Colleague: 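Just passing along the structure, written as structure tokens.
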Amino acid sequence: MDWFSDSDDSTAGFATTLTEWYEHHKRDLPWRHTQNPYFIWLSEVILQQTRVVQGRPYYERFVAAYPSVQAMANADERDLLRLWQGLGYYSRARNMHKTAQYVAGDLAGRFPETFLDLLKLPGVGAYTAAAIASFAFQEKVAVVDGNVYRVLARVFGIEEDITTTGAKKTFSVLANQLIQMSDNPATYNQAIMEFGAIQCTPVSPDCLLCPLQQRCQAYLTGRQRMLPVKSKKTAVRERYFNYIVIRQGDRIALKERTQKDIWQHLYDFCLIETEEPLEAFRELPEGKTLNWVLQEGILKGLSDERTQVLSHQKIRARFWLVEVPEGRKVVLPDGLIFCKPSETERLPKPILVVDYLKSLRF
DNA sequence: AATCCGGGGGG
DNA sequence: CCCCCAGGATT
């Protein structure tokens with residue numbers, strides 16, 4: 001399909017209009033004051049599937065903690081994950097560390113400078129490679145993110161399902177045709193994303209004050225709400241987490257999550273997952289060592305159900321607080337280790353666990 | 001091509 | 001309740 005067929009003039013102004021809009025409406029964001037690829041890369045990884053307001057404070061903390069790619073390469077991965085705590089999609093932090101070590105160790109601290117070379121970095125896909133290539137190195141390659149899908153789908157009236165491979169190709173080709181009309185690819189890329197985030201929002205876009213109103217197919221046909229087309233709804237699976245919080249004195253037993261599951265390499269408590277909710281302490285399945293802990297321990301509390309919703313799962317968790325008398329020699333089940341409060345604080349944990357620990361102090 | 005991977009905020 | 005966010009890796 002040729003999106004330019006009827007009028008070259010109307011689309012020629014697209015990049016210009018967006019760029020002008022951007023100069024008047026852009027937010028003042030810290031990563032917009034640098035062309036250093038390290039900071040650009042850091043901001044883009046943080047902002048993957050993450051709103052600016054949520055990611056920004058993390059960006060500030062990462063810049064302060066790791067002012068250079070060498071500093072990040074030398075960091076302990078656990079500390080990186082701890083700083084990432086609460087952002088989600090934790091493999092991003094681990095891929096970020098791998099890339100930092102590769103750039104610092106094998107490339108003498110110099111980031112790759114082209115889209116194709118950037119694409120080879122762990123955790124850097126088509127979007128992030130385009131962002132770095134254009135923002136840091138002025139390469140004329142279009143970013144295609146959720147904002148771009150929405151803006152292009154509406155302005156050009158594209159009804160392809162954005163979850164399909166064919167549509168991704170369509171949008172990428174169009175976006176790269178459009179960026180050719182701009183003499184400043186970095187600003188243009190920023191502009192179209194900012195426009196999607198502020199003006200052409202998913203629900204109730206501000207069409208009445210939109211500079212593209214009269215050439216927006218969605219507006220002209222009243223289909224803003226229908227575009228972009230996105231078919232697949234994620235199925236959410238329910239899971240029941242029964243946490244045994246073993247405490248002796250001020251120490252609590254924690255365990256690294258190493259299995260192929262959510263929250264990989266984060267720390268939580270002794271976990272017994274069941275197909276159905278458990279209502280009573282005695283219903284817990286018995287493991288040999290755990291059984292001993294439960295026999296010798298004293299049940300100090302059972303929390304109400306807490307839920308944590310993930311993109312594909314809904315976790316329903318209850319916490320059994322079990323106190324083991326001090327001075328008692330305890331053999332903890334599989335992989336659990338007693339941690340002092342300062343150690344516990346230092347380890348990366350799911351928000352579900354962080355919130356429970358906060359409640360324990362009161 | 002499908003599925004998985006977090007957490008939060010807005011309507 | 002629903003949507004989706006400056007996506008990427010794995011299967």
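Letters A, B, ... are given to chains in the order of the sequence lines, protein chains preceding strands, and every chain is numbered from 1. Every value quoted in this text rests on a predicted model; they were computed, and no experiment measured them. When reading the values below, keep in mind they use all heavy atoms of this one structure, side chains included, and skip hydrogens, waters and symmetry mates.
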Colleague: Judged by each residue's nearest nucleotide on DNA chain B, which is more toward the 5′ side, A:Arg51 or A:Thr164?
Modeller: A:Thr164
Colleague: Check whether any side-chain heavy atom of A:Arg306 lies under 4.5 Å from a side-chain heavy atom of A:Val353, and answer yes or no.
Modeller: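 SC-SC contact between A:Arg306 and A:Val353 ruled out.
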Colleague: Taking for each residue the nucleotide of DNA chain C bearing the nearest heavy atom, is the 5' side occupied by A:Val124 or by A:Glu194?
Modeller: A:Glu194
Colleague: Regarding A:Thr163, tell me which of base, sugar-phosphate or nothing describes its non-hydrogen contacts under 4.0 Å with the strands shown.
Modeller: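 No contact at all - A:Thr163 keeps every heavy atom at 4.0 Å or more from the nucleic acid.
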Colleague: So what does A:Ala126 touch, heavy atoms closer than 4.0 Å: a base, only the sugar-phosphate, or nothing?
Modeller: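 Counting heavy atoms under 4.0 Å across all strands, the contact made by A:Ala126 is with sugar-phosphate only.
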Colleague: Among C:dA6, B:dC5, C:dT11, find the nucleotide with the atom closest to the side chain of A:Arg32.
Modeller: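 Looking only at side-chain atoms, A:Arg32 lies closest to C:dA6.
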Colleague: CD of A:Gln313 versus P of B:dG7: gap in Å, rounded?
Modeller: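 My rounded result for the distance is 11 Å.
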Colleague: Measure from CZ on A:Arg94 to P on B:dG6 and round the result to the nearest Å.
Modeller: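 To the nearest whole Å, that distance equals 12 Å.
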Colleague: For a 4.5 angstrom cut-off between non-hydrogen side-chain atoms, does A:Thr234 reach A:Ser311?
Modeller: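 Not in contact.
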Colleague: Specify the residue among A:Lys233 and A:Arg27 whose closest nucleotide of DNA chain C lies further upstream toward the 5′ end.
Modeller: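 The residue mapped nearer the 5' terminus is A:Lys233.
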Colleague: Roughly how far apart, to the nearest Å, are B:dG10 and C:dA6 at atom P?
Modeller: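 Straight-line distance between the two P atoms is 13 Å.
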Colleague: Check this for me, if you would: do A:Asp304 and A:Arg318 make a salt bridge, where the nitrogen-to-carboxylate-oxygen distance has to be below 4.0 angstrom?
Modeller: no
Colleague: Could you tell me the separation between the CD1 atom of A:Ile162 and the C1' atom of C:dG7, rounded to a whole number of Å?
Modeller: 12 Å
Colleague: Using a cut-off of strictly less than 4.0 Å, decide whether A:Gln48 has a side-chain nitrogen or oxygen near OP1 or OP2 of C:dG7.
Modeller: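 For A:Gln48, the contact criterion (side-chain N or O under 4.0 Å from OP1 or OP2 of C:dG7) is not met.
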Colleague: Rounded to the nearest Å, what distance is computed from the NE2 atom of residue A:His265 to the P atom of nucleotide C:dA9?
Modeller: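 A:His265 atom NE2 is separated from C:dA9 atom P by 16 Å.
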Colleague: Taking only the side-chain heavy atoms of A:Arg150 (C-beta and beyond), determine which of C:dC5, C:dT11, C:dG8 contains the nearest atom.
Modeller: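 Among C:dC5, C:dT11, C:dG8, the one nearest the side chain of A:Arg150 is C:dC5.
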Colleague: Using a strict 4.0 Å threshold on nitrogen-to-oxygen distance, state whether A:Arg239 and A:Asp261 make a salt bridge.
Modeller: yes
Colleague: When the distance from CD1 of A:Ile315 to C1' of B:dC5 is rounded to whole Å, what number comes out?
Modeller: 12 Å
Colleague: For nucleotides C:dC4 and B:dC5, find the distance between their C1' atoms and express it as a whole number of Å.
Modeller: 15 Å
Colleague: Which of the following nucleotides, C:dA9, B:dG7, C:dA6, is nearest to the side chain of A:Leu47?
Modeller: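 From the listed options, C:dA6 comes nearest.
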Colleague: B:dT3 phosphate, OP1 or OP2: any side-chain N/O from A:Arg237 under 4.0 angstrom?
Modeller: no
Colleague: When the P atoms of B:dG6 and C:dT10 are considered, how many whole Å apart are they?
Modeller: 14 Å
Colleague: Could you identify which residues of residues 82-93 of chain A place a heavy atom less than 4.0 Å from some atom of DNA chain B, listed by residue number, or say none?
Modeller: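 Here the set is A:Gly86, A:Leu87, A:Gly88, A:Tyr89, A:Tyr90, A:Arg92.
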Colleague: Any base atoms under 4.0 Å from A:Gln264, or only sugar-phosphate, or nothing? Heavy atoms, all strands.
Modeller: nothing
Colleague: Begin with the C-alpha distance, continue with both residues' side-chain angles, and end with the deciding distance and a verdict on ring pair (Phe, Tyr, Trp, His ring centres under 6.0 Å) for A:Trp84 and A:Tyr58.
Modeller: CA-CA 7 Å; A:Trp84 197 270; A:Tyr58 284 86; 7.2 Å; no
Colleague: At under 4.0 Å between heavy atoms, what does A:Arg225 touch on the DNA or RNA strands: base, sugar-phosphate, or nothing?
Modeller: nothing
Colleague: Please check: side-chain N/O of A:Glu194 versus main-chain N/O of A:Arg27, any donor-acceptor pairing under 3.5 Å?
Modeller: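 Present.
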Colleague: Before accepting this row, confirm whether a basic side-chain N of the pair A:Glu296/A:Lys329 lies closer than 4.0 Å to the acidic partner's carboxylate O.
Modeller: no
Colleague: Does C:dG7 have a Watson-Crick or wobble mate here (both distances under 3.5 Å), and if so which one?
Modeller: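 Its partner is B:dC5.
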Colleague: B:dT3, OP1 or OP2 - any side-chain N/O from A:Thr234 closer than 4.0 Å?
Modeller: no
Colleague: Need one value for A:Gln308: base, sugar-phosphate or nothing, where a base atom within 4.0 Å counts as base even if backbone is also close, heavy atoms only.
Modeller: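 Sugar-phosphate: the residue A:Gln308, judged by heavy atoms under 4.0 Å, touches backbone atoms but no base.
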Colleague: Look at the side-chain N and O atoms of A:Gln49 and state whether any lies under 4.0 Å from the OP1 or OP2 oxygen of B:dC5.
Modeller: no
Colleague: Rounded to the Å, how far apart are A:Leu42 CG and C:dG7 C1'?
Modeller: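 One finds 16 Å between C1' of C:dG7 and CG of A:Leu42, rounded.
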Colleague: Please classify the nucleic acid contact of A:Asp355 as base, sugar-phosphate, or nothing, using heavy-atom distances under 4.0 Å.
Modeller: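 No contact at all - A:Asp355 keeps every heavy atom at 4.0 Å or more from the nucleic acid.
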Colleague: Distance alone, cut at 3.5 Å: any donor-acceptor contact between the side chains of A:Glu44 and A:Tyr127?
Modeller: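 Yes - a donor-acceptor pair under 3.5 Å links their side chains.
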Colleague: Need one value for A:Val309: base, sugar-phosphate or nothing, where a base atom within 4.0 Å counts as base even if backbone is also close, heavy atoms only.
Modeller: base
Colleague: Determine, for A:Arg251 against A:Glu343, whether the closest basic-nitrogen to carboxylate-oxygen distance falls under 4.0 angstrom.
Modeller: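 A:Glu343 and A:Arg251: not salt-bridged.
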Colleague: A:Lys120 has an atom NZ; how far is it from atom P of C:dA9, in whole Å?
Modeller: 14 Å
Colleague: For C:dA6, take OP1 and OP2 only and decide whether either is under 4.0 Å from a side-chain N or O of A:Trp31.
Modeller: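 Answer no for this pair, as no side-chain N or O of A:Trp31 is under 4.0 Å from OP1 or OP2.
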Colleague: How many whole angstroms separate atom CG of A:Asp261 from atom C1' of B:dT3?
Modeller: 14 Å
Colleague: Check whether A:Tyr59 forms a cation-pi arrangement with A:Arg56 (NZ or CZ under 6.0 Å from the six-membered ring centre, at most 45° off the ring normal).
Modeller: no
Colleague: Measure from the side-chain heavy atoms of A:Glu44 and tell me the nearest of B:dG6, B:dC5, C:dA6.
Modeller: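 Closest of the options to the side chain of A:Glu44: C:dA6.
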